[in-house]
Amino acid sequence: MRHILSYSFYEQSTLSLARNLLGKQLVHESNEGHTIGRIVETEAYLGVMDQAAHSFNGRRTKRTEIMFGPPGVIYTYVMHTHCLFNIVTNKIDVPEAVLIRAIEPIEGESLMVKRRGPARRGVTLTNGPGKLTKAMGITLDDYGHYATESPTYIIDGPEPSNISIGKRVGIDNSGEARDYPYRFWITGNKYVSRSR
DNA sequence: AATATGATGTAA
DNA sequence: TACATCATATTC
């Protein structure tokens, strides 16, 4: 219980890690208090081969260079004014990552409501990649930190009963990659984000 | 220095 | 279905 996943957990292939992250719990500590959310939806981004990935074709910029670094490091970036949370995977020089798309609140739900605003109780509190970062208090400040230590880390959790697999969301401009089945979610979980 | 563009959220 | 809104990346 509350066992922090070790560095070696992140050294597996990106597709299996995306699958194995389901059911694990994301923890964030801040001076406002701590929040915990169960990961219920993820997407894999396979670097060089994947047109939808920021690192497609080896593209390396100040933002994406972190994907080329060691696994287990947090990659946050801003999209349409929302912060999105990823974890670098595989090994050094393989620029792949897993996007966390949805969580189910486990602890600190009142703090999540406070951060999201009073009108956001219920599933809409954390059922999307931009929503969960706001609820958890995750920002660009987390960029480059290891997910194996405070203030933002991932702990073990109960195995999910059933897993579903499908196409990723919001990448219609990514050619062939649009239809790759790289999205994973816990079957039937009500916090899974809607498809676009 | 200027502009184009989203791995989205929300309201209508 | 439309649009708000901003950090990055790319272009000028």
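Letters A, B, ... mirror the listed sequences (proteins, then strands); counts begin at 1.
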TODO: Extract the stems that DNA chain B is part of, considering only consecutive pairing runs of at least three Watson-Crick or G-U wobble pairs, both distances under 3.5 Å.
DONE: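 Stems for DNA chain B, defined as runs of 3 or more consecutive pairs: B:1-6 with C:6-11, B:8-11 with C:1-4.
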Task: Steps toward salt bridge (Lys or Arg N to Asp or Glu O under 4.0 Å) verdict (A:E32, A:R115) - done: CA-CA 10 Å; A:E32 294 182 288; A:R115 286 175 174 142; 3.2 Å; yes
Take atom [atom1] of [X] and atom [atom2] of [N], then tell me their distance rounded to the nearest Å.
X: A:L132; N: B:dA7; atom1: CG; atom2: C1'; answer: 12 Å
X: A:M67; N: B:dA7; atom1: CE; atom2: P; answer: 12 Å
X: A:L99; N: B:dA7; atom1: CG; atom2: C1'; answer: 6 Å
X: A:H80; N: C:dT5; atom1: NE2; atom2: P; answer: 12 Å
X: A:R194; N: B:dA7; atom1: CZ; atom2: C1'; answer: 14 Å
X: A:Y180; N: B:dA7; atom1: OH; atom2: P; answer: 16 Å
X: A:L84; N: C:dT5; atom1: CG; atom2: P; answer: 18 Å
X: A:Q51; N: B:dG6; atom1: CD; atom2: P; answer: 11 Å

Task: Base of B:dT8 and ring of A:H82 stacked, centres under 5.5 Å, planes under 30° - done: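 No, the aromatic ring of A:H82 does not stack with the base.
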[X] near the nucleic acid: base, sugar-phosphate alone, or nothing, with a heavy-atom cut-off under 4.0 Å?
X: A:R183; result: nothing
X: A:I171; result: sugar-phosphate
X: A:R178; result: nothing

Could you go through nucleotides 7-11 of chain C and list every protein N or O atom that sits under 3.5 Å from one of its N or O atoms, giving the distance for each pair?
unit_1 : atom_1 : unit_2 : atom_2 : d
C:dA9  : OP1    : A:T61  : OG1    : 2.3
C:dA9  : OP1    : A:R63  : N      : 3.2
C:dA9  : OP1    : A:R63  : NE     : 3.4
C:dA9  : O3'    : A:R59  : NH1    : 3.4
C:dT10 : OP1    : A:R59  : NH1    : 3.0

Task: Of A:I87, A:V98, A:N86, A:L17, the residue whose pairing with A:T42 passes side-chain contact (heavy atoms from CB on, under 4.5 Å) - done: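 Answer after filtering A:I87, A:V98, A:N86, A:L17: A:V98.
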TODO: Would you mind reporting whether A:Y10 and A:T148 have side-chain heavy atoms less than 4.5 Å apart?
DONE: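 A side-chain contact exists here, since the closest heavy-atom pair is under 4.5 Å.
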Does the side chain of [X] get closer than 4.0 angstrom to OP1 or OP2 of [N] through an N or O atom?
X: A:R120; N: B:dG9; value: no
X: A:R101; N: B:dT8; value: yes
X: A:N86; N: B:dA7; value: no

Open item on the list: Between A:D179 and A:K167, is the salt bridge (Lys or Arg N to Asp or Glu O under 4.0 Å) condition met? List the steps.
Closed with: CA-CA 6 Å; A:D179 297 324; A:K167 298 178 186 178; 3.3 Å; yes
- [ ] Assess whether salt bridge (Lys or Arg N to Asp or Glu O under 4.0 Å) is satisfied between A:E41 and A:R183, documenting all intermediate values.
- [x] CA-CA 8 Å; A:E41 181 183 357; A:R183 178 178 176 224; 2.7 Å; yes
- [ ] Give a yes or no on whether A:V169 and A:I171 share a hydrophobic cluster (residues Ile, Leu, Val, Met, Phe, Trp, Tyr; joining criterion: side-chain heavy atoms under 4.5 Å apart).
- [x]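 No: no chain of side-chain contacts under 4.5 Å links A:V169 to A:I171.
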Task: Lys NZ or Arg CZ of A:R168 over A:Y180 ring: under 6.0 Å, within 45° - done: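 No.
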- [ ] Please assess A:R60 against A:E65 for the test salt bridge (Lys or Arg N to Asp or Glu O under 4.0 Å), listing each intermediate value before the final yes or no.
- [x] CA-CA 5 Å; A:R60 188 168 189 153; A:E65 68 181 6; 5.1 Å; no
- [ ] Of all the heavy-atom pairs spanning A:M67 and A:Y75, show the shortest one and how long it is.
- [x]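 Where A:M67 meets A:Y75 most closely, the heavy atoms are SD-CE2, 3.7 Å.
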Task: Closest non-hydrogen atom pair, A:A53 against A:L46 - done: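 Distance-wise, the nearest heavy atoms are CB-N, 4.4 Å.
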Open item on the list: If you assign each of A:R116 and A:N173 to its closest nucleotide in DNA chain B, which residue comes earlier from the 5' end?
Closed with: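 The residue mapped nearer the 5' terminus is A:N173.
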